[in-house]
Asker: 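One structure, pasted below without further comment.
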Amino acid sequence: FVPGFIAVLGSLVVIVSYMAVVIVGKYALIGNVRADTVYRGAFFMLRRWVVDRLILNPIFTYLQPTFFSYCSIGPAFWRLLGASIGKDTWMAPPMLDAGLNLVRFGDSPHMGQHNVFFTAVLSHEGVQFKAITIGSHVTFGQRSIMSAGVSIGDQCTIGALTFLPQDFVLADKKTACGSPPIVFETTLDTKGFTAQLQRMARNEVRKSVVASVERGSMAAPFAMRASQLGRTSSAQRTSSNPRPSAFRASAAVSGSSQAH
């Protein structure tokens, strides 16, 4: 019991000390970044890189799920770093970058493991940060990625392994899944949900066929398939009757001998 208690106490001391280093380093180096402002210069890039390394440090990322998952410690820490998080949180630690003060959560977010919220947009002009806005009662599956400028409404669901591109907007009571994301109504009616998925699948197939016809790429696959079927059928006929000419010749000879 005593060695285990000492190990847990030592881990708590390490992670609290590192939390203090991250908070002080973040505000001392870059503070709170401004949305839609282009930051230039090698010195700012260096400071941003240091803050990102502090927040995304592998040891810290490994320790966060152990001490921060589904409790009030994690949201309190992210609030100290500038993030806006509502009440009644049920969250595993997300991956955040130096612009986390632009990340805003509503009430009652429910989040799985290893979700990513990146506010930075890099270009030849420099780096720009865009706000990520999350409504209330939003559920995130595991390993989903939210890019800069994403806006999600209330009572939405983000499926696992979903990627929301830059400036993506999801209205209230919607579900987004996949990459690129497919959006459909959030409903508890199984029949309505199934019919909605079937309708979306038909629309996607129709769009794919129309696009292929417009590109002129439908004739070649069909012609190739027809030629393959033709060769297959001829090969099957040949295999079922391997020597038709020899059989005809032997039949002709036997017929002539019978006539004589």
Asker: For residues Glu125 and Arg40, determine if any side-chain heavy atom of one lies less than 4.5 Å from a side-chain heavy atom of the other.
Answerer: yes

Asker: Has Asn115 got a side-chain atom pairing as donor or acceptor with Gly141's backbone, closer than 3.5 angstrom?
Answerer: yes

Asker: Grouping I, L, V, M, F, W and Y whenever their side-chain heavy atoms are under 4.5 Å apart, do Phe129 and Met45 come out in a common cluster?
Answerer: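 Phe129 clusters together with Met45.
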
Asker: Rounded to the nearest 0.5 Å, what's the gap from OG on Ser108 to CH2 on Trp90? Could you check?
Answerer: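 Reported to 0.5 Å precision, the distance equals 12.5 Å.
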
Asker: When Ile158 is tested against each of Ile152, Ile145, Thr139 for side chain to side chain contact (heavy atoms under 4.5 Å, CB included), which residue passes?
Answerer: Ile152

Asker: In terms of hydrophobic clusters joined by side-chain contacts under 4.5 Å, are Val116 and Leu56 together?
Answerer: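 Hydrophobic grouping puts Val116 with Leu56.
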
Asker: Main chain of Val13, side chain of Ser17: is a donor-acceptor contact present, judged purely on distance under 3.5 Å?
Answerer: yes

Asker: Passes side-chain contact (heavy atoms from CB on, under 4.5 Å), Leu29 versus Trp49? Steps please.
Answerer: CA-CA 10 Å; Leu29 292 172; Trp49 178 84; over 6 Å; no

Asker: How far does CD1 of Ile134 sit from OG of Ser151, to the nearest 0.5 angstrom?
Answerer: 7.5 Å

Asker: I need the Asp154 CG to Asp172 CG distance, nearest 0.5 Å.
Answerer: 5.0 Å

Asker: Starting at CG of Asn32, measure out to CG of Leu102 and round the result to the nearest 0.5 Å.
Answerer: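 Spacing of CG (Asn32) from CG (Leu102) equals 8.0 Å.
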
Asker: Measuring from Ser72:OG to Lys87:NZ, what's the distance to the nearest 0.5 Å?
Answerer: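 Between atom OG of Ser72 and atom NZ of Lys87 there are 15.5 Å.
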
Asker: Any donor and acceptor pair, going by atom type alone, linking the side chain of Ser136 with main-chain N or O of Asp107 inside 3.5 Å?
Answerer: yes

Asker: Are Val50 and Val24 in one and the same hydrophobic cluster, where Ile, Leu, Val, Met, Phe, Trp and Tyr link if side-chain heavy atoms are under 4.5 Å apart?
Answerer: no

Asker: Only one of Thr133, Thr119, Val150, Leu81 clears side chain to side chain contact (heavy atoms under 4.5 Å, CB included) with Val103; which?
Answerer: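 Single side chain to side chain contact (heavy atoms under 4.5 Å, CB included) partner of Val103 among Thr133, Thr119, Val150, Leu81: Thr119.
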
Asker: Give, for atom CG of Leu100 and atom CZ of Arg79, the distance between the pair rounded to the nearest 0.5 Å.
Answerer: 12.5 Å

Asker: Run Val138 and Gln155 through side-chain contact (heavy atoms from CB on, under 4.5 Å) and show every step you take.
Answerer: CA-CA 5 Å; Val138 178; Gln155 301 180 26; over 6 Å; no

Asker: Between the side chain of Ser144 and the main-chain N/O of Gly159, is any donor-acceptor distance below 3.5 Å?
Answerer: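 Checking the backbone N and O of Gly159 against the side chain of Ser144, no donor-acceptor pair under 3.5 Å is found.
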
Asker: Are the side chain of Arg48 and the backbone N or O of Val127 linked by a donor-acceptor pair below 3.5 Å?
Answerer: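 Answer holds: no.
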
Asker: Under the side-chain contact (heavy atoms from CB on, under 4.5 Å) criterion, do Thr37 and Gln128 qualify, and how do the steps go?
Answerer: CA-CA 6 Å; Thr37 300; Gln128 181 181 5; over 6 Å; no

Asker: Which label fits Tyr39 and Phe44: parallel for a plane angle under 30°, tilted from 30 to 60°, or perpendicular past 60°?
Answerer: parallel

Asker: Does Arg34 have more than 12 heavy atoms from other residues, nucleotides or ligands lying within 6.0 Å of its CZ?
Answerer: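 Not more than 12 within 6.0 Å, no.
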
Asker: Can you confirm whether Ile85 sits close enough to Met91 that some side-chain heavy atom of one is under 4.5 Å from a side-chain heavy atom of the other?
Answerer: yes

Asker: Looking at Thr162 and Gly178, would you say the former's side chain and the latter's main chain have a donor-acceptor pair under 3.5 Å?
Answerer: yes

Asker: Distance-only, no hydrogens or angles: does the Tyr27 side chain make a donor-acceptor pair with backbone N or O of Val22 under 3.5 Å?
Answerer: no

Asker: If only atom types and distance count, is the side chain of Arg143 paired as donor or acceptor with the main-chain N or O of Gln113 below 3.5 Å?
Answerer: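 Answer holds: no.
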
Asker: Kindly determine whether Asp97 and Asp52 satisfy side-chain contact (heavy atoms from CB on, under 4.5 Å), including the steps that lead there.
Answerer: CA-CA 6 Å; Asp97 63 354; Asp52 281 343; 3.6 Å; yes

Asker: Answer whether the closest heavy-atom distance between the side chains of Pro94 and Trp78 falls below 4.5 Å.
Answerer: yes

Asker: Could you check, using the six-membered ring where one of them is a Trp, whether Phe140 and Phe117 have ring centers closer than 6.0 angstrom?
Answerer: yes

Asker: Following the transitive rule for hydrophobic clusters with a side-chain heavy-atom cut-off under 4.5 Å over Ile, Leu, Val, Met, Phe, Trp and Tyr, establish whether Leu96 and Ile30 coincide in one cluster.
Answerer: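 Linked, Leu96 and Ile30 end up in one cluster.
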
Asker: Salt bridge between Asp167 and Lys130, side-chain N to carboxylate O under 4.0 Å?
Answerer: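 Answer for the salt bridge query: yes.
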
Asker: Do Phe168 and Leu122 sit in the same hydrophobic cluster, where Ile, Leu, Val, Met, Phe, Trp and Tyr count as joined when their side-chain heavy atoms come under 4.5 Å apart?
Answerer: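 Result: yes, single cluster for both.
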
Asker: Please tell me if the side chains of Pro181 and Phe163 come closer than 4.5 Å, counting only heavy atoms from C-beta onward.
Answerer: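 A side-chain contact under 4.5 Å is absent here.
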
Asker: Okay, side chain of Tyr18, backbone of Leu54: is any donor-acceptor separation there less than 3.5 Å?
Answerer: yes

